[in-house]
Amino acid sequence: MRSLVFATNNQYKTAEVNKLLEGKYEVLNLSDIGCETDIPETGSSFAENANLKSHYVAANYQMDCFADDSGLEVEALNNEPGIFSARYSGVRDDRTNLLFLLDRLKGQVNRAARFKTVISLVQGGNTFLFEGVIEGTIREVPVGDQGFGYDPIFEPQGYEQTFAEMSMAQKNEISHRAIAMRKLIAFLKEQV
Ligand code: ITT
């Protein structure tokens with residue numbers, strides 16, 4: 001089986017992506033290749049940060065690799081937290097960040113938001129980008145215990161459940177990461 005490095009430390013992302021690849025590729029994450037570094041994400045966009053992660057692995061491990069940078073953009077908060085989603089409240093804790101966001105949105109009528117993912121693939125020294133977006137709204141209170149991050153407060157458009165009330169398979173039918181991953185998979189298949 002062909003293997004691909006996914007430059008992430010996030011085990012939920014790895015599990016989602018493994019399911020999407022349906023056993024067609026073996027996905028190695030950062031710990032699988034012995035990379036302990038917390039790769040700096042100092043870019044000013046999802047694309048820049050995704051590139052920083054994939055290029056770091058390609059340069060230091062001489063392996064083709066992909067990375068995603070993703071986050072939540074809330075319209076009434078000027079598209080915050082965006083690239084700061086993982087540490088919006090100042091700490092890297094999903095529950096704290098989610099409650100911090102709800103607090104900032106208190107009393108706000110406009111609850112529109114979107115999740116965005118940009119995947120950067122480095123292959124043979126070339127870089128390719130794939131994007132996925134899903135629109136939705138922010139709930140008043142968190143519901144559900146599946147998934148990670150802001151899943152308990154994000155209700156995708158056209159659904160009555162939050163991402164955290166969905167199984168991984170249901171989330172993978174519609175999510176931002178799944179949309180971007182399907183573009184990556186289609187691209188990889190063209191090369192077979
Ligand atoms: P890696 O950088 O190691 O891949 P990370 O968790 O730091 O893992 P990001 O830099 O892409 O990932 O930050 C994304 C943050 O955005 C993440 O910590 C969540 O808070 C949020 N997020 C991204 N995708 C999400 C999803 O599918 N569901 C809920 N929250 C998500």
Side-chain angles (χ1 to χ4, degrees), residues 5-20 27-33 35-57 65-105 111-122 129-139 142-156 162-164 166 168 171-172 175-181 184:
V5 178
F6 180 19
T8 185
N9 288 308
N10 184 321
Q11 58 185 356
Y12 295 96
K13 285 186 182 179
T14 309
E16 286 183 8
V17 163
N18 264 319
K19 198 148 192 149
L20 283 166
V27 176
L28 306 173
N29 63 22
L30 291 175
S31 64
D32 293 328
I33 61 166
C35 178
E36 306 281 316
T37 316
D38 190 14
I39 304 167
E41 296 179 33
T42 50
S44 54
S45 65
F46 293 121
E48 279 180 29
N49 282 335
N51 280 337
L52 284 171
K53 292 187 256 190
S54 63
H55 289 174
Y56 180 90
V57 170
C65 162
F66 70 95
D68 91 311
D69 197 49
S70 40
L72 182 66
E73 294 183 343
V74 179
E75 215 170 81
L77 299 176
N78 295 319
N79 290 333
E80 285 180 9
I83 58 168
F84 305 108
S85 293
R87 294 173 185 272
Y88 192 35
S89 66
V91 295
R92 198 181 175 90
D93 178 78
D94 282 354
R95 195 75 189 174
T96 311
N97 287 326
L98 165 167
L99 293 174
F100 180 77
L101 189 145
L102 283 184
D103 201 47
R104 298 207 61 189
L105 262 192
R111 315 288 295 187
R114 71 190 67 83
F115 267 123
K116 214 179 249 184
T117 289
V118 175
I119 293 175
S120 162
L121 169 72
V122 184
L129 295 176
F130 308 89
E131 187 176 290
V133 177
I134 178 156
E135 303 286 343
T137 49
I138 301 297
R139 288 278 190 90
V143 187
D145 56 8
Q146 305 294 302
F148 71 103
Y150 299 91
D151 281 346
I153 57 170
F154 183 80
E155 180 180 296
T162 66
F163 265 170
M166 296 182 178
M168 189 180 285
K171 182 182 169 190
N172 264 346
S175 84
H176 49 309
R177 187 166 305 98
I179 294 167
M181 273 304 294
L184 169 66

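The analysis underlying the following values was restricted to heavy atoms, covering all of them including side chains, and did not include hydrogens, waters or symmetry mates.
Side-chain polar atoms of Asn29 and Thr8 form no donor-acceptor pair below 3.5 angstrom. Remark: the Tyr56 side chain and the Thr37 side chain contain an N/O donor-acceptor pair separated by less than 3.5 Å.
A distance-only check finds a donor-acceptor pair linking the side chain of Arg111 to the backbone of Arg139 [under 3.5 Å]. Under the 3.5 Å distance criterion, the side-chain polar atoms of Asn97 are left unmatched by any main-chain donor or acceptor of Tyr150. For Asp69 (side chain) and Ala47 (main-chain N/O), no donor-acceptor pair under 3.5 Å exists by modelled atom type. Under a 3.5 Å cut-off, the side chain of Asn78 and the backbone N or O of Glu80 do not form any donor-acceptor pair. Of the possible polar contacts, none joining the Arg114 side chain to the Glu135 backbone as a donor-acceptor pair under 3.5 Å is found. Judged by distance alone, with hydrogens and angles left aside, the side-chain atoms of Asn49 form a donor-acceptor pair with the main-chain N or O of Gly43 at under 3.5 Å. Of the possible donor and acceptor atoms, one in the side chain of Lys53 sits under 3.5 Å from a partner among the backbone N and O of Asp68. Remark: the backbone N or O of Val122 is not paired with any side-chain donor or acceptor of Ser54 at under 3.5 angstrom.
Atom OG of Ser120 is separated from atom CD of Glu131 by 13.0 Å, given to the nearest 0.5 angstrom.
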*Can you check side chain to side chain contact (heavy atoms under 4.5 Å, CB included) on Asp151 and Phe115, steps first, answer last?*
CA-CA 10 Å; Asp151 281 346; Phe115 267 123; 4.2 Å; yes
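Closest approach of Pro156 to Ile134, counting heavy atoms only: CB-CD1, 3.7 Å. The minimum heavy-atom distance linking Ala50 with Val118 is given by the pair CB-O, 3.5 Å. Nearest heavy-atom pair, Ser70 versus Thr117, reported as atom, atom and distance to 0.1 Å: CB-OG1, 3.4 Å. Counting all heavy atoms, side chain and backbone alike, Phe154 lies closest to Ala113 at CE1-O, 3.9 Å. Closest of all the heavy-atom pairs between Val133 and Ile179 is O-CD1, 3.4 Å. Residues Ile83 and Ser45 share a closest heavy-atom pair of CG2-C, 3.6 Å.
By the 6.0 Å contact criterion, CZ on Phe100 is enclosed, its count of non-hydrogen atoms from other residues, nucleotides or ligands being greater than 12.
Remark: Phe6 pairs with Phe66 by the ring-ring contact (aromatic ring centres under 6.0 Å, His included) rule, at least two apart or across chains. For Asp93, the side-chain hydrogen bond (donor to acceptor under 3.5 Å, both in side chains) partners at least two apart in sequence or on another chain are Thr96.
Side-chain contact between Phe148 and Glu16 is present, with at least one heavy-atom pair separated by less than 4.5 Å. Counting heavy atoms from C-beta outward, Lys171 and Gln146 have side chains that stay 4.5 Å or more apart. A heavy-atom distance below 4.5 Å is found between the side chains of Phe163 and Ser175. Leu99 has its side chain out of reach of Ser89: every pair of non-hydrogen atoms, C-beta onward, lies at least 4.5 Å apart. You'll find the side chain of Leu77 reaches within 4.5 Å of the side chain of Leu101, heavy atoms only.
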